[in-house]
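Following: one structure in structure tokens, then a few remarks.
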Number of protein chains: 2
Amino acid sequence: MGKKKTTSAPPAGPRITPLDQLAEAAECLRVLAHPHRLRMLQLVRQGDFTVGELAAACEIVSPAASEHLRLMERCGFLVADQRGRRRYYRLAEEHVPHLTAILTCIESRFGAA
Amino acid sequence: MGKKKTTSAPPAGPRITPLDQLAEAAECLRVLAHPHRLRMLQLVRQGDFTVGELAAACEIVSPAASEHLRLMERCGFLVADQRGRRRYYRLAEEHVPHLTAILTCIESRFGAA
DNA sequence: TTGATATATCGGAATGTGACGATATATTGA
DNA sequence: TCAATATATCGTCACATTCCGATATATCAA
């Protein structure tokens, strides 16, 4: 039972995260936990899209898409710039790695055409 | 479509997932989207734990922990075996890769002691 | 200007979730 | 057997979310 310590073993600590940090993480996950929002994220990963385009891709009306997009903008996942009467959404740079990780995980499990 | 976009991207498939699959994915994410459940998953990644141990680690009462654990068991994330009056939970083998990916993502963003 | 388009916002109904307390069941140990 | 422990279940309540329809605002096109 002597703990044989190999070189460069990862930190053996129990790797737990404070509960208030996990609460933040859970909030982020709740934002992701919606089929239309997931599809919107899949799309904006590949370029800019307008509210109407994303609504059509999700087969929902624009007002509904607008709310989903604003939610994701408020929590920092998306950024938008307005050009004329259109509003173009794209992924926020800082979240690209995390969102990519999660979307890749989902696609590996549920497939992507 | 935005014409200012540099459309040099190859016409690779838009990598979208059918909405009903995304609905399943969203359900899974909703299960994960809770601070106590996230901590439970962090713990059971490192071995088996009883309901009471997980409740203590989350600073909640056992009945609450019991419900969270049963939810994660029903959706396939956890498996349990009963030994005496204790019930030991651990990660379901088939979900280890996906859960590891997501927990790693969370820990990289929110830290883990 | 007028009319059409794109997006945003509001109100309300339906639904679901989580916390909580109380109780129930089962197993161990004395 | 009895009492204590470990876990499960139930009922209820407060709260948030989602969807829908209607309306509001802003911008473009003619």
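Not measured: the values here are computed from a predicted model. Below, chains carry the letters A, B, ... as their sequence lines are ordered, and counting in each starts from 1.
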*Out of curiosity, B/Leu29 CG to A/Ile102 CD1, how far, rounded to the nearest 0.5 Å?*
7.0 Å
_Return whichever of B/Leu69 or A/Val61 has its heavy-atom-nearest nucleotide of DNA chain D closer to the 5' end._
B/Leu69
*Which parts of nucleotides 21-30 of chain C does protein reach within less than 4.0 Å, heavy atoms only, written one letter per nucleotide 5' to 3' as B for base, S for sugar-phosphate only and - for none?*
-B----BB--
*Can you measure from CE (B/Met72) to CG (B/Leu91) and round to the nearest 0.5 angstrom?*
9.0 Å
*Ignoring backbone atoms, establish whether A/His68 has a side-chain N or O less than 4.0 Å from OP1 or OP2 of D/dT17.*
no
*For A/Arg70 and D/dT25, give me the distance from atom CZ to atom C1', rounded to whole Å.*
12 Å
*Taking OP1 and OP2 of C/dT7, is either one under 4.0 Å from a side-chain nitrogen or oxygen of A/Ser66?*
no
*Can you list every pair that meets side chain to side chain donor-acceptor pair (under 3.5 Å) and has a residue in residues 16-31 of chain B, with sequence neighbours left out?*
A/Gln42-B/Thr17
*Taking only residues two or more places apart in sequence or in another chain, which ones pass side chain to side chain donor-acceptor pair (under 3.5 Å) with B/Ser62?*
none
_Residues forming a side chain to side chain contact (heavy atoms under 4.5 Å, CB included) with B/Glu53, sequence neighbours excluded_ = B/Phe49, B/Thr50
*With B/Phe77, which residues qualify under ring pair (Phe, Tyr, Trp, His ring centres under 6.0 Å), at least two apart?*
B/His95
*If only side-chain N and O atoms of A/Arg87 are considered, is one of them under 4.0 Å from the OP1 or OP2 phosphate oxygen of C/dA8?*
yes
*State which residues pass side chain to side chain contact (heavy atoms under 4.5 Å, CB included) with A/Ser108; sequence neighbours excluded, sorted by chain then number.*
B/His98
*Quick one: A/Arg86 CZ to D/dT27 C1', roughly how many Å, whole number?*
11 Å
*Taking atom C1' of D/dC15 as reference, at what distance in whole Å does atom CZ of A/Arg30 sit?*
11 Å
_Which residues pass the side chain to side chain contact (heavy atoms under 4.5 Å, CB included) test with A/Leu19, not counting sequence neighbours?_
A/Leu22, B/His36, B/Arg39, B/Glu59
_Interatomic distance, A/Met72 CE vs C/dA8 P [rounded to whole Å]_ = 12 Å
*How long is the line joining OH of A/Tyr89 and C1' of C/dA8, in whole Å?*
9 Å
*B/Leu54 CG to D/dA6 P, straight-line distance once rounded to whole Å*: 14 Å
*Residues in salt bridge (charged side-chain N to carboxylate O under 4.0 Å, His left out) with B/Arg45, at least two apart?*
B/Glu107
*Excluding sequence neighbours, so at least two apart, what forms side chain to side chain donor-acceptor pair (under 3.5 Å) with B/Arg83?*
B/Asp81
*Starting from P on D/dC19, measure out to CD1 on A/Ile60 and report it in whole angstrom.*
8 Å
*Which listed nucleotide (D/dT9, C/dT7, D/dT7) is nearest to the side chain of B/Thr50?*
D/dT7
*Could you identify which residues of residues 17-28 of chain A place a heavy atom less than 4.0 Å from some atom of DNA chain D, listed by residue number, or say none?*
none
*For DNA chain C, find the residues of residues 31-40 of chain B with a heavy-atom distance under 4.0 Å and give them by number; none if there aren't any.*
B/His34, B/Arg37
*Quickly work out the A/Gln82 CD to D/dC28 C1' distance and round it to whole Å.*
13 Å
_Does A/Gln82, at its CD atom, have more than 12 non-hydrogen atoms belonging to other residues, nucleotides or ligands within less than 6.0 Å?_
yes
*For A/Ser66, check side chain to side chain contact (heavy atoms under 4.5 Å, CB included) against everything at least two apart and list the hits.*
A/Val51, A/Arg70
